[in-house]
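In what follows, a single structure is set out as structure tokens and then discussed.
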Amino acid sequence: MPGFDRNELWLKILEMYPMARENNYILKLNEEQVKELMDLYIKLYIPEETLEHYDEKKLMQKMMTALVSIYKLDKDTVSNYGELIELVSSVNYDGKNLYLHFAKISPAKMRRIELGKSQKQIAERMGYQTSTVKNCEEFFCDLKRQPEELVYKLARALECEPEDIIV
């Protein structure tokens, strides 16, 4: 077993997020995609010598549990405070397809997560307070109604175009 590394599974699920966002935060994986995800799960979580103890149904249940329990701690290095970021809210399996129900995360926050940056780092790049970045990342924040200069600086700090973070 290569080790207990949730990061690789997190990155795989993170890759799926943009497709899910386009489909009302639900992603349907076909049999081939389910098999690929299962292979990754087995590689990361199930020691080869114990694999024979699991039937297909039990492996699926274990993987589904793992998918909804993957999180990252979005913590500023300066403080002890942080927020748990969960990508997948729930998972359903109909015997053929796997349905991943993703959490709703604002495009600005998702971009920052993809970059692996803290709110403080983005705020420093912008020349603003961390609270400004936090407010811009709220899902209900309408960046279209924010000052153009703020949105431009946020996009530049996030290494993207303003259109990429405006919903």
Side-chain angles (χ1 to χ4, degrees), residues 3-30 33-34 36-38 40-41 44-45 62-93 97-167:
F4 191 77
D5 183 6
R6 288 179 178 232
N7 199 38
E8 192 173 344
L9 195 55
W10 164 273
L11 291 173
K12 181 69 174 173
I13 300 302
L14 187 61
E15 286 175 10
M16 298 176 185
Y17 195 87
M19 291 180 289
R21 187 174 62 219
E22 291 174 10
N23 194 31
N24 200 26
Y25 296 93
I26 298 173
L27 190 60
K28 176 183 172 183
L29 302 182
N30 63 31
Q33 293 167 315
V34 172
E36 181 184 328
L37 196 58
M38 179 62 77
L40 177 60
Y41 171 77
L44 296 174
Y45 290 81
K62 289 179 78 57
M63 181 180 75
M64 289 169 60
T65 300
L67 292 174
V68 296
S69 61
I70 297 173
Y71 64 87
K72 284 278 188 187
L73 180 60
D74 186 19
K75 182 177 172 183
D76 216 329
T77 54
V78 176
S79 69
N80 288 327
Y81 301 104
E83 171 189 11
L84 291 180
I85 300 173
E86 299 172 320
L87 290 179
V88 179
S89 304
S90 65
V91 182
N92 297 319
Y93 182 62
N97 300 301
L98 189 66
Y99 299 87
L100 303 175
H101 301 259
F102 283 78
K104 292 180 179 178
I105 300 172
S106 74
K109 186 173 190 172
M110 183 54 69
R111 179 65 186 144
R112 181 178 60 78
I113 291 167
E114 290 169 349
L115 291 173
K117 302 289 182 193
S118 71
Q119 289 176 336
K120 183 176 184 199
Q121 290 170 318
I122 298 302
E124 287 171 353
R125 285 182 175 186
M126 294 172 61
Y128 281 78
Q129 297 292 319
T130 304
S131 60
T132 302
V133 175
K134 182 179 172 96
N135 290 336
C136 289
E137 288 183 350
E138 295 295 332
F139 193 77
F140 57 80
C141 178
D142 185 357
L143 290 177
K144 289 182 253 179
R145 303 183 93 187
Q146 300 301 319
E148 195 174 300
E149 180 183 359
L150 170 72
V151 176
Y152 175 76
K153 286 183 176 184
L154 178 61
R156 206 165 98 203
L158 293 171
E159 302 169 17
C160 66
E161 297 299 320
E163 302 80 41
D164 296 335
I165 57 174
I166 296 176
V167 178

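The shortest side-chain heavy-atom distance between Arg112 and Gln121 does not fall under the 4.5 Å cut-off. Here the side chains of Leu143 and Leu150 are not in contact, with every heavy-atom distance at 4.5 Å or above. Between Trp10 and Ile113 there is a side-chain heavy-atom pair separated by less than 4.5 Å. In this structure the side chain of Asn30 reaches within 4.5 angstrom of the side chain of Asn97, judged on heavy atoms. Counting heavy atoms from C-beta outward, Glu148 and Pro162 have side chains that stay 4.5 Å or more apart. When side chains are defined from C-beta on, Arg21 counts as touching Pro107, because their heavy atoms get closer than 4.5 Å.
Applying the side-chain hydrogen bond (donor to acceptor under 3.5 Å, both in side chains) criterion to Tyr152, with sequence neighbours excluded, gives no partner residue. Remark: Tyr41 engages Tyr45 in a ring-ring contact (aromatic ring centres under 6.0 Å, His included) (not counting sequence neighbours).
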Between Lys120 and Glu124, is a salt bridge (Lys or Arg N to Asp or Glu O under 4.0 Å) present by the stated rule, with each step listed?
CA-CA 6 Å; Lys120 183 176 184 199; Glu124 287 171 353; 3.7 Å; yes

Carefully, step by step, assess Ile122 and Thr130 under the rule side chain to side chain contact (heavy atoms under 4.5 Å, CB included).
CA-CA 8 Å; Ile122 298 302; Thr130 304; over 6 Å; no

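Atoms CD1 and OG, on Ile26 and Ser89 in that order, are 10.0 Å from each other to the nearest 0.5 Å. One distance of note links CE of Met16 with CG of Leu87; it measures 10.5 Å at 0.5 Å rounding. Note that the CG atom of Leu154 and the CD1 atom of Ile166 stand 9.5 Å from one another [nearest 0.5 Å].
Arg111 has a carboxylate O that lies under 4.0 Å from a charged side-chain N of Glu114, or vice versa, which qualifies the two as a salt bridge.
Of the residues Glu137, Gln129, Lys109, the one that meets the side chain to side chain donor-acceptor pair (under 3.5 Å) test with Gln119 is Glu137.
In this structure, Tyr17 contributes its side chain and Ile105 its backbone to a donor-acceptor pair below 3.5 Å. Remark: the backbone N or O of Lys144 is paired with a side-chain donor or acceptor of Asp142 at under 3.5 angstrom.
Residue pairs meeting the side-chain hydrogen bond (donor to acceptor under 3.5 Å, both in side chains) criterion with at least one member in residues 154-166, sequence neighbours excluded: Arg125-Glu159.
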